[in-house]
Undergrad: 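To start, I am sharing the structure in question, which I have written as structure tokens.
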Amino acid sequence: MVVEQAIIVRDAKKRYGSGTPVLNGFNLNVPKGCIYGLLGPSGCGKTTLLSSLVGVRKMDSGELWVLGGKPGTVESGITRVGYMPQEISLVDEFSVIGALYFFGRINGMEDYTIEDRYLFLKDLLQLPPRDRLVRNMSGGQQRRVSFAAALVHQPELLILDEPTVGLDPVLRDNIWDHLVKITRDEGVTVIITTHYIEEAKQCNKIGLMRCGQLLAESSPSELLEQCQTDSLEEAFLSLSQMQAQNQGQAVGQTPTGVSGISNVITLDAIYRNYPTKVEVRRSSTKKKCHALLMKNALQFLRHPGGVLFSVLLPILQVTLFFNSYGLDPKDLAISVVNEEAGNCNHGRNRGNVTYNQNEFTCNFVDLSCRFTGGFNDSLLKKLYYDDYSKAVDEITTEHSVGVMHFSRNFSYALQAKLDDFLSISDADLIAGQIDVSLHTPDRQIGLFVQKELFEMFQREYKKVLKECGITPKFADVPIHFEDPVYGKKDQKYITFITAPFILSLVFILATSISSSIIITDRHSGVWDRSLVQGVTTAEILITHLISQVIVIVIQVAAALCISFLQFDVECKGSLATVIWLGILDGVCGMSYGKYILSTRFLISVMCTSTALVNYASVGSFYPLVLLCGLIWPVEGMPKFLRWFSLSLPLTLPGISLRGVLEKGSSVNEPEVYQGFLVLAAWIVGFISLCLFQLRSKST
Ligand SMILES: Nc1ncnc2c1ncn2[C@@H]1O[C@H](COP(=O)(O)OP(=O)(O)OP(=O)(O)O)[C@@H](O)[C@H]1O
């Protein structure tokens, strides 16, 4: 008679990297309806074997059959297997009931059945209060909840990696009693590892592992009899010593299949015993996605940084941006050397303009005081000096931006220029000008001061001309700038950088949120555990995408609301276009985050370092910002770099958003739809690369 086997392993070999093989021609049979205890020293490969049985790891060679199917396939997985990994494999934000709902739902259970199971498991495993969060539980409590998650859907096969570690003896007894009961009454099969060797006496069969092979495989009583001891620990010790003496040879009872595969069940028999049409309780994609979305929502809402990150961070960033960029500099100082009127009696002397109506002449006295008094001290504080070289010497110590010099004949020369500008000498022309030498290394401040002084001169000079009965237009330089069709005449720098700033903010926030949630799932083991229960990588990714898009919408809304309502950013075009551009930009940032993550997954066995991903995203994000025209127009770049810049995900979208905000351009115009097209292309590119990389990792 052929005994039905729940698990069959034939000649399995596994090696990590170039190290010594962890499993080296390993064979194993686990009959249905029994408890199989897998014992062995730490590091002998138990976890490697169990995780391969559920499809989380792959063997280098050999055959594995689980419930008649290959590990990780529909026949062996999905609701028929309950897996408790060695790690807790729950997210911190799960409550007890939340964890059971998650694993119950992805296994196709109805909510009322999950509630019934909870009541049973609560007593069996002495679970903590229903709403206690995993992060607030002790290590032992977390293990019990993890165990409950493996039992909740009453699987046919339980694969348990050290479920009793850290539990008190009474609870361990309860658990073993339960395992004995379900194997006896319900035909459930259990394969279990434990370091408490003595408790394995309750197993129907024990396999002793060492050096990647089975030392012996038999019932506990047979093993004890064989080694003539009443302690399993002693039996294991003596078998290990025997193996050390006969390196490479099996000892004790020959483990199944080690000496000859012909003795054991054939693959044909396996197929015969397991009809191809297995009755599998399948969870619908809708139900699994519902469970995954609920999990993501809990992770987000119960995470202390979740809400803070999604809403407050964009508001804070936008507020900081508008309070630190594009504002006019204040509290500057300029040194003044006025050889004509000194310190103008501390500003009380404003100079004199006397117009002689009969002779049509104008007489100026101390006109330099008009110009030194023409600008506000809060903008440019005046530091008066008698000596020019002293003023230059003290520029650094007095934090002055430069020196403004009026000659002794300033008023006279200006008057001469007005009287007869055709025959005025060069010396008078020079004496009638204000000499300014700027000594600031800061280009923006230099440009600002230049503009302020120029405007001040024109303003004051126009007043003087008016007092002399001359048209103020005489003060204008002979080039005139009309009001622009788009934007304003005196365009502020902030309007130039607002659009790319908003896009880069949404992009980087989406990049990091994308990384952090997925890393948490990978790191906690929930990702793998979900896959074991039949959730597909695509379902996990899609639900992550949906959750993150919701967060992105919140972030875009927060960033735009604060920009429009609090900082009066003007939108001349369609608000809907702005919102869609923002959301698409966020989705692009999120896809970029996923691409970085998948790259990490590909090059490392498992990405457990948030820091690594942060370095990658920050490191690659900086060039994106530098090249997107946020700080300086792309027109200033060398040609090849400009073309490269235009292909990046933030450059053309930034130009599009600027067009909508400032010109009111519509989505039909190339300037705007090009931005959408670039974003769409990058999203498709990043997601395809990400899926490709994840797929190559899984194969
Ligand atoms: N991802 C990995 N990369 C490299 N080596 C690994 C990896 N996972 C496990 N190993 C190595 O493989 C060997 C077997 O590990 P495994 O976790 O299967 O042992 P184990 O019997 O379950 O140990 P324990 O009882 O301590 O849990 C160990 O030497 C371990 O260091």
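In listed order, ligands and their atoms are each counted from 1. Keep in mind that the numbers below use all heavy atoms, side chains included, and drop hydrogens, waters and symmetry copies.
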Undergrad: Crowded around Asp185 CG? As in, over 12 foreign heavy atoms under 6.0 Å?
TA: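 Count over threshold, so yes.
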Undergrad: Considering Ser42, Gly17, Gly43, which one's heavy-atom position lies nearest to atom 28 (C) of ligand 1?
TA: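 It is Gly43 that holds the nearest heavy atom.
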Undergrad: Angle between ring planes, Trp527 versus His544, binned at 30° and 60°: parallel, tilted or perpendicular?
TA: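 Ring orientation, 0 to 90° scale: parallel.
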Undergrad: For the residue pair Gln5 / Trp65, report whether a side-chain donor-acceptor contact shorter than 3.5 Å exists.
TA: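 Result is no, nothing qualifies.
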Undergrad: What part of Glu162 sits under 4.0 Å from ligand 1 if we count only heavy atoms: the side chain, the backbone, both or neither?
TA: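 The side chain, only.
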Undergrad: Is the closest side-chain donor-acceptor distance between Thr48 and Tyr16 under 3.5 Å?
TA: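 The answer is yes; a qualifying pair exists.
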Undergrad: Looking only at heavy atoms, is any part of Thr48 under 4.0 Å from ligand 1, and if so is it the side chain, the backbone, or both, or is it neither?
TA: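 Under 4.0 Å from ligand 1, Thr48 contributes backbone and side-chain atoms.
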Undergrad: Taking atom types as modelled, find out whether Ser51 and Arg57 have a side-chain donor-acceptor pair closer than 3.5 angstrom.
TA: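 A pair is found: one side chain offers a donor N or O, the other an acceptor, under 3.5 Å apart.
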Undergrad: Work out whether the distance between some heavy atom of Gly45 and some atom of ligand 1 is less than 4.0 Å.
TA: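 It does; at least one heavy atom falls under 4.0 Å.
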Undergrad: Please check: side-chain N/O of Asp60 versus main-chain N/O of Arg15, any donor-acceptor pairing under 3.5 Å?
TA: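 Yes: the side chain of Asp60 pairs with the backbone of Arg15.
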Undergrad: What are the atoms of ligand 1, with element, lying closer than 4.0 Å to any heavy atom of Gln86?
TA: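 Near Gln86, the atoms of ligand 1 are 24 (P), 27 (O).
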Undergrad: Short N/O distance, under 3.5 Å, between Val22 and ligand 1?
TA: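 Such a contact does not occur with ligand 1.
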Undergrad: Could you tell me which atoms of ligand 1, counted from 1 in the order shown, lie closer than 4.0 angstrom to a heavy atom of His195?
TA: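 What qualifies from ligand 1 is 25 (O).
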